[in-house]
Each structure stands twice: as C-alpha cells, then as structure tokens.
Amino acid sequence: MADNDVDHDLLAFMREALSGGNPLKAAPAPPKTHVLESAQYIVDNSIDIFLSRDHIMAAAQKIFTGMKKNEYGTGTWSTHELHPKAKDASTVDFIFTMDLLNFSFWSDLPEKEGYAVEYKGKRWTGYWSLVAALQRALDEGIPITSPYFWADSELCTDDVLRSVFRSATDEEMPMLKERIECLREAGEILCERYDGKFTNMIECADQSAAALVLALADDFPCFRDEHDFERRRVNIYKRAQILVADLWACFDGESYGTFHDIDNITMFADYRVPVILHSLHCIQYSPKLEAHIKDKKDIPSGSSWELQLRGATIWTVECIRREIKRLHPESKINAILIDFYLYDTAKEMQRIGVDMIPQHRCRSIWY
Ligand SMILES: Nc1nc2c(c(CN[C@H]3C=C[C@H](O)[C@@H]3O)cn2[C@@H]2O[C@H](COP(=O)(O)O)[C@@H](O)[C@H]2O)c(=O)[nH]1
C-alpha cells in the first residue's frame, strides 16, 4: 500500500483510542481575541469611512521600504531614550504601569500650553509625557510601578499621584482622576489574584499573546475595550494588545516577551495612527466626518463615527500587512511593527510640521 493511501488521521485516531486516551477529546481551541473579525465587521458596515485599495497597496511598499531602511524591528523599542533598558521583572512592572495609563494625552490648548512633563532637561508631551513622569517618579524614590503601592491608599495618596504626574505648564494631566482610578483598580486586582505581580499573570498565559490579552480584558474592567456597533459586540482591546506588544518588543521575543502567537496581535486603535493613514489616503472620510474632525469637534466614546475610525485603522493596517507579505513573502514584519513604525513616523511628521488632518477628539480611557 503506497504511503499516500494511508489515512494518517485515522491511524492517529486509532493509536489514541488504543493507548487509552480519549480521541474525541479535541485539543482545546487556541484562544482568539476576535479583534480582527470585529474590525472587518465595522469596515463592512461603515458609511462614513472608505478604504482605498490603491493607496493601501502604494503605502505598503512605502512602509516596507521605510522599515527596511531604518532596520525597524523589536530592537527599535529599546532605542527610545525614555523606554526602560533592564531586561527584568522591574521593566515588566514599568510596561504594565505605562500601558495601564497609556491613553488620552491630547490637549485643547496650543502645543506650548498643553500638559507637559519636565524630565532630564526636556519637556515631554503626549505618550512620552507619561513615560517621563514614571521615570521621574522612580528617580525620586516613589515606587510608582508597584501594585502594592497603588493599593495602599495611606502611602499612595491622591496628592502623591498628582505630584507624580505634575505638569510643567498650567494644564494638569488629562483624565488624571480616571488614571488614579485605573491604578487603584489594577492594584487591588493584581494583589488579590496575582500576588501583586504582573509577571504571574504572564506566566498564567502560557506564552500566548491572545490568552494574555483576553485575561487582561476579563480581569480588569479598565482594559475591557469592548463596544456595541450595529447590533454586534466588537472587541478592540487597544491597551491590552499594546501591553503585550511592548513586552514582546522590549524583551525581543525572549523571556517575558515570548509569545508563540504574537502575529495574532493587531495594530493599536489610537488617535495618532489614523492621522498618518489619512495623510496617505489609505482611509478617507465622508465630508461630514472630515469637517467635524477638521473643526476639532468632540466625538463621543463608543459612537458609530468613533468605532468606524478605530475599526478602519485596524483593518487598514491588516491590509498593509497582507500586501507586504504578498510582495515580500520572506518578510517577518507583523502588524505590531507596522503600527510602531506608523506611530513613530506620525510623531516625526508632527514634529517637523507636516500639514495633516488633526487627530480625532474622543476623551476615553481606551486609547
Ligand atoms: N497605535 C499606536 N498608538 C500608540 C503608540 C504609542 C507609543 N508606542 C511606542 C512604543 C513603540 C513605538 O515605537 C512607540 O515609540 C502611543 N500610542 C497611543 O497614541 C496616543 C498618543 O499619541 P501622542 O499624544 O501623539 O503621543 C495614545 O492613544 C497612545 O496610547 C504606538 O506605538 N502605536
């Protein structure tokens, strides 16, 4: 009997049965976040945002070339001046704290008057203001990355936290009250369920990125970035996903950053990446939505427009990833690296004053 006539599945089934195992006990299905399916559903049911296939294909080639030129990879993460360098549990705690609070930095005030943190002789704004505030607190001997500290309302008073995030301008940190609530909530949950160590939670995920994202969304209401869109529940999980991605990038896919399914993580639906995708014409807005954003009017969290924006960016980066893979099958580029590259490029374009549509204005703890 030729080998290709042998039914290998049947053989495996019989071996399992004869060995006393239960062949019908299928291996548990791998954990899935359903973020990509949610994004595709949103795009398929959007009427205010259009994805341009031609511009996405052109952008994919441009992005691939730019990432190659800058040798963009996991190692890029640690080259940022403020990111922690030690490859140990203290950096895991830093990353957890950072991504617990990694949301809503934009200000209504002009650049020079908006919230900023003074650290190492520089003024840091946006995402970097958060990282600078955490580094500054550690330098000042405040254990700001310790869940035990957050849970201790005597030691870690609201005044201490206000001082940790103090501004170099007259504007205090946006959503400071909500950030303090996130710290208290996370401190309690980590101490109750994981002996106060996020490293224990990483261990429970058994090196699955999706499992860790789902555990964060299950255990912490402040990571549960889920919404209702056109009669369906959609999962975005932006901060849970960027937390896993930051671990993976910081530890170079080793140690606390080892995830066998890391390529299942999507881009992170924030307010910065839509700006550059719009400038590349990959995503295009209805005249009403475009005018609303250009007039810097608020967009409610959980509204159709907001979810269309978030779903469109996730799905567009997925299309860019697939196009890069089609053009360069050998490439190891995933949605995380494309996302990091787009974010950093958007910040550079903002710094040099490239004229782009303003970011959309939605106040929320989700991004
Ligand atoms: N999609 C995506 N969103 C990101 C980041 C980062 C920073 N990641 C660092 C780590 C590796 C990368 O190389 C970056 O250096 C922050 N954000 C989000 O943007 C917003 C802040 O914007 P602005 O106020 O302008 O700084 C806010 O929602 C924040 O959560 C990213 O990478 N991707």
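In each ligand, atom 1 is the first atom listed, and ligand 1 is the first ligand listed.
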**OP:** State the CD1-NE2 distance between Ile49 and His278, to the nearest 0.5 angstrom.
**Re:**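 That separation rounds to 9.0 Å.
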Please work out, at 4.0 Å between heavy atoms, whether the side chain, the backbone, both, or neither of [X] comes within that distance of ligand 1.
| X | value |
| --- | --- |
| Val273 | side chain |
| His83 | side chain |
| Lys238 | side chain |
| Leu342 | neither |
| Trp77 | side chain |

N-O pairing of [X] and [Y] below 4.0 Å:
| X | Y | value |
| --- | --- | --- |
| Glu254 | Lys87 | no |
| Lys62 | Glu323 | no |
| Asp270 | Arg272 | no |
| Arg361 | Asp108 | yes |
| Arg162 | Asp159 | yes |

**OP:** Evaluate the ring planes of Trp77 and His83, with Trp represented by its six-membered ring, and classify them as parallel (under 30°), tilted (30 to 60°) or perpendicular (over 60°).
**Re:**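 Answer is parallel, since the angle falls under 30°.
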Original post:
Would you call the rings of His360 and Tyr367 parallel, tilted or perpendicular if under 30° counts as parallel and over 60° as perpendicular?
Top reply: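 Answer is tilted, since the angle falls between 30° and 60°.
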Subject >> Within 45° cone of Phe103 ring axis and under 6.0 Å: Arg179 NZ or CZ >> reply: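 Here Arg179 passes the 6.0 Å and 45° test against Phe103.
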Subject >> Option with minimal heavy-atom separation from atom 16 (C) of ligand 1, where the choices are Tyr127, Trp366, Trp124 >> reply: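 Residue with the shortest heavy-atom distance to the ligand atom: Tyr127.
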Subject >> Shortest reach to atom 3 (N) of ligand 1 by a heavy atom, considering only Asp246, Asp270, Ile95 >> reply: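 It is Asp270 that holds the nearest heavy atom.
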**OP:** For the pair Asp99 (side chain) and Asn102 (backbone), establish whether a donor and an acceptor sit closer than 3.5 Å, ignoring hydrogens and angles.
**Re:**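 Not a single qualifying donor-acceptor pair exists.
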Quick one: which ligand 1 atoms are inside 4.0 Å of a heavy atom on [X]?
| X | result |
| --- | --- |
| Lys347 | 23 (P), 25 (O), 26 (O) |
| Asp344 | 12 (C), 13 (O), 14 (C), 15 (O) |
| Trp128 | 15 (O) |
| Tyr72 | 13 (O) |
| Asp339 | 1 (N), 2 (C), 31 (C), 32 (O), 33 (N) |

So which protein heavy atom does [atom] come closest to, and at what separation?
| atom | result |
| --- | --- |
| atom 29 (C) of ligand 1 | Asn102 OD1, 3.1 Å |
| atom 17 (N) of ligand 1 | Tyr343 CE1, 3.7 Å |
| atom 32 (O) of ligand 1 | Phe340 CD2, 3.3 Å |
| atom 25 (O) of ligand 1 | Arg272 NE, 2.6 Å |
| atom 21 (C) of ligand 1 | Tyr271 OH, 3.4 Å |

Original post:
Does a side-chain heavy-atom distance below 4.5 Å link Pro174 with Arg363?
Top reply: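 The answer is yes; the side chains approach within 4.5 Å.
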Original post:
Does Thr313 come within less than 4.0 angstrom of ligand 1, counting non-hydrogen atoms of the residue?
Top reply: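 The answer is no, since Thr313 has no heavy atom less than 4.0 Å from ligand 1.
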